[in-house]
There are 2 protein chains.
Amino acid sequence: MKNITTPTTTIERLPLYYRYLEKVNSEGIEVISSKQLGDGLGIPSTQVRKDLSYYGEFGRRGVGYEVDVLMKNLKKILGLNNNWEIVLVGAGNLGQALVNYGGFKKLGLNINYVLDIAPDEIEGNLDEIEIYPMEKLNEVIRDNNIKIAIIAVPAEGAQEVANKLIDSGVEAIWNFAPTHLKLPEDIKVRDEDLSIGLISLSYYLSN
Amino acid sequence: MKNITTPTTTIERLPLYYRYLEKVNSEGIEVISSKQLGDGLGIPSTQVRKDLSYYGEFGRRGVGYEVDVLMKNLKKILGLNNNWEIVLVGAGNLGQALVNYGGFKKLGLNINYVLDIAPDEIEGNLDEIEIYPMEKLNEVIRDNNIKIAIIAVPAEGAQEVANKLIDSGVEAIWNFAPTHLKLPEDIKVRDEDLSIGLISLSYYLSN
DNA sequence: TAGATTGTTAATCGATTAACAATC
DNA sequence: TAGATTGTTAATCGATTAACAATC
């Protein structure tokens with residue numbers, strides 16, 4: 001019976017729901033309807049309900065969703081109870097920005113280890129975190145049983161870094177290098193190709 | 001007859017094609033098949049051909065695509081001949097990373113103007129670029145006829161910044177603030193919500 | 001001619017949306 | 001009870017893929 005797979009688009013909306021619930025929760029709101037939740041995010045209420053329905057029945061008909069109940073469920077669904085330890089490879093501008101981005105830590109996503117080919121040459125805003133040389137990659141990942149890695153190195157070096165990460169035990173990669181990584185099927189890769197966003201705006205303004 | 005609209009997914013793949021062509025071009029390759037192009041990006045050849053077919057017939061049957069011809073066409077389609085001038089609002093870590101990201105300039109996407117609420121307090125890697133105070137927003141945008149803006153301010157301030165940008169004449173916004181902007185229909189917004197990427201990896205590892 | 005590869009049609013697959021019974 | 005809102009089915013819409021004639 002449960003032969004239905006969750007659409008990938010649904011999975012990408014769940015974090016939005018979670019964050020919006022955090023917001024209304026901090027405002028003291030205790031119950032929210034799919035309409036209100038959707039309006040806050042530009043998503044139809046019918047889609048909100050459909051998305052949630054892949055995971056259970058979290059609301060009450062005629063009433064809505066209890067904010068704290070839905071948050072707790074989404075947190076679990078998204079794996080945010082795991083307190084992930086994450087390694088970042090590449091401490092350039094973008095890497096530093098990611099480490100300093102405040103939003104991750106409170107979600108249980110901790111970028112605790114940073115590596116770079118030239119740790120001594122890094123200038124910027126990473127004063128309080130130790131930067132390891134690339135030679136320590138295997139050690140850092142194995143010793144801390146790290147499963148998630150971020151690649152923020154230039155395109156040329158990304159494939160080699162990815163291979164090493166996987167050899168060391170990493171299972172999921174958030175890839176900011178503008179290149180297609182060829183990796184085993186069971187490794188989860190999320191490409192975050194920043195230039196697509198800006199180029200697509202250029203496209204829309206021109207057409 | 002031409003009542004067919006291009007899928008949004010196609011539009012997001014065009015930049016990938018363009019960049020891959022740049023790469024093979026720099027390697028001296030003059031002709032490429034849809035199969036080769038697709039393999040380099042993890043995209044089926046049939047999809048490559050379908051995507052391109054929305055814009056014209058760029059290849060030769062039995063032969064493939066001439067790299068420079070296809071590049072020239074894609075460049076035009078993507079609007080990269082326009083030499084866009086772009087304004088960035090918010091010179092924090094992420095904003096600085098975007099300004100210093102090398103890939104944009106060679107695509108004719110020039111982040112030439114940076115604004116921040118506290119221009120004097122910015123420390124980091126923007127030594128060579130002037131940072132304007134927010135009061136100059138309208139002036140900078142109007143005087144330079146800027147159509148594309150990047151928002152890299154905290155979520156709380158993003159809607160207000162977006163409103164001002166649009167009042168000044170901006171038509172497309174690349175939004176890094178983790179919030180849903182409510183804007184007129186004719187304004188093109190691209191949300192680049194960084195936390196989605198990392199949270200979805202957490203999801204996949206947990207399910 | 002034989003082999004390769006495009007461009008396009010039709011079939012399939014996946015995601016969104018409308019509609020409404022269930023129920024608070 | 002009357003009004004509101006969920007959860008779910010079925011219909012629609014959109015995107016991908018298979019297949020193949022056209023043609024180099």
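Quick caveat, the model's predicted, so the values are computed rather than measured. Every chain is numbered from 1, with letters handed out A, B, ... down the list of sequences.
- Here the side chain of B:Gln36 pairs a donor or acceptor atom with the backbone of B:Ser33 at under 3.5 angstrom.
- Taking only side-chain nitrogens and oxygens, B:Thr8 never comes nearer than 4.0 Å to OP1 or OP2 of D:dG14.
- Put simply, CG on B:Leu14 and OH on B:Tyr55 are 5.0 Å apart, with the number rounded to the nearest 0.5 Å.
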Summary of protein contacts for nucleotides 17-24 of chain D, nucleotide by nucleotide, where a base hit scores B, a sugar-phosphate-only hit scores S (4.0 Å, heavy atoms): BBB-BBBB

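- Side chain of A:Gln96 to backbone of A:Ala91: a donor-acceptor contact under 3.5 angstrom is found.
- Side-chain N or O atoms of A:Thr10 include none that pairs as donor or acceptor with a backbone N or O of A:Thr6 at under 3.5 Å.
- Side-chain N/O atoms of A:Tyr55 include none lying less than 4.0 angstrom from OP1 or OP2 on D:dG7.
- What separates CG of B:Leu14 from P of D:dA15 is a distance of 13 Å, to the nearest Å.
- Not a single donor-acceptor pair under 3.5 Å links the side chain of A:Ser34 to the backbone N or O of A:Arg49.
- Counting all heavy atoms, side chain and backbone alike, B:Val153 lies closest to B:Gly90 at CG1-CA, 3.8 Å.
- Ion pairing of B:Glu12 with B:Arg190 is present here, as a side-chain N (NZ or NE/NH1/NH2) and a carboxylate O approach within less than 4.0 Å.
- Of the candidate nucleotides C:dT6, C:dG7, D:dT8, C:dT6 has the atom nearest to the side chain of B:Ser33.
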Secondary-structure string, 5' to 3', Watson-Crick or G-U under 3.5 Å, | for another-strand partners, for DNA chain D: ..||||||||||||||||||||||

Verdict with supporting geometry, B:Lys72 and B:Asp68, salt bridge (charged side-chain N to carboxylate O under 4.0 Å, His left out): CA-CA 6 Å; B:Lys72 225 181 67 193; B:Asp68 58 351; over 6 Å; no

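- The side chain of B:Ser34 contributes no N or O atom lying less than 4.0 Å from OP1 or OP2 of C:dT5.
- One atom, CD of B:Glu57, and another, C1' of C:dT8, lie 9 Å apart when rounded to the nearest Å.
- Atom OH in B:Tyr54 sits about 12 Å away from atom C1' in C:dG7, given to the nearest Å.
- Atom pair B:Tyr65:OH and C:dT6:C1' shows a separation of 6 Å (rounding to whole Å applied).
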